[in-house]
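The structure appears right after this line, and notes come after that.
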Amino acid sequence: MRRHSRTISILMAVQAVAVLAVALLGAPTTRPVTVTLGEQPTSTLSQVDVAVAMVVVLALAAVAWAWSSRWSGTLDPLLTTPVTVFVVAQLNGIRDVGALVGIYALASAGVLFAVVQRRSPDRSRVPLGLGSAVGIVPWGIIAFHQVGAGLVGHPLPGIVVAITLTALVAAVAEFVATWRGRPAAASVLRAAGISAVAWMVAAAL
């Protein structure tokens, strides 16, 4: 297991450096985070570079897997999944800080339920089931926003749809592996999903 952890850590670290280089050489991939207070005009709180955010995700995964083989399977999803979902939400045009914070929080809560399931002495699947019910909500919000954009005549670019589907398929595959009691497979699937999303964000946007 320790060798497995080191391999994932090294791969994530190498990719973080490579994706950062691609992101710096390419055009900026910033997205605004906005707030609307009452009848005041919408204001921009900050700008998030989604490519750099995915570099941070890769770096966090590398650190998590280098930390400890015992805790890496717990630290990795807690650190990386909420940020990845946040980035996907931003790519789908979700800008309001309240919506983004809610999406991040729900993604984190879904992961926490999965961690509880992994630590459960009787290997009960109840926490994982509850986690999936919570964790699917951010994806529902993203899907509604994506469909809504098409309905009002402003469909999202194909690459954004592709990134969203890639992240979602990876999340579902990871869930299935976790449900079947295969944490090593879940870790590999999560690493593959994060890597694919990072490269697509940095190289295709």
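- Closest of all the heavy-atom pairs between Ala109 and Val134 is CB-CG1, 3.8 Å.
- Side chain of Thr164 to backbone of Val160: a donor-acceptor contact under 3.5 angstrom is found.
- Side-chain atoms of Ser9 do not come within 3.5 Å of backbone N or O of Trp65 as any donor-acceptor pair.
- Distance alone, capped at 3.5 Å, is enough to place a donor-acceptor pair between the Arg95 side chain and the Gln90 backbone.
- In this structure, Asp96 contributes its side chain and Gly98 its backbone to a donor-acceptor pair below 3.5 Å.
- Contact between Leu189 and Ala170 at its shortest, heavy atoms only, is O-CB, 4.4 Å.
- For the atom pair CG of Leu91 and CZ of Arg31, the computed distance is 5.5 Å after rounding to the nearest 0.5 Å.
- Not one N or O on the side chain of His154 forms a donor-acceptor pair closer than 3.5 Å with the backbone of Ala149.
- Between Val83 and Ala53, the shortest heavy-atom distance links the atoms CG1-O, 4.3 Å.
- Nearest heavy-atom pair, Ser195 versus Met12, reported as atom, atom and distance to 0.1 Å: OG-CE, 3.2 Å.
- In this structure, the side chain of Thr81 does not engage the main chain of Leu78 through any donor-acceptor pair within 3.5 Å.
- In this structure, Arg125 satisfies the cation-pi test against Trp179, with its NZ or CZ atom closer than 6.0 Å to the six-membered ring centre and inside 45 degrees of the ring normal.
- Minimum heavy-atom separation, Ile163 to Val197: CG2-CG1, 4.0 Å.
- The side chain to side chain contact (heavy atoms under 4.5 Å, CB included) test with Thr44 is passed by exactly one of Thr34, Val35, Val97: Thr34.
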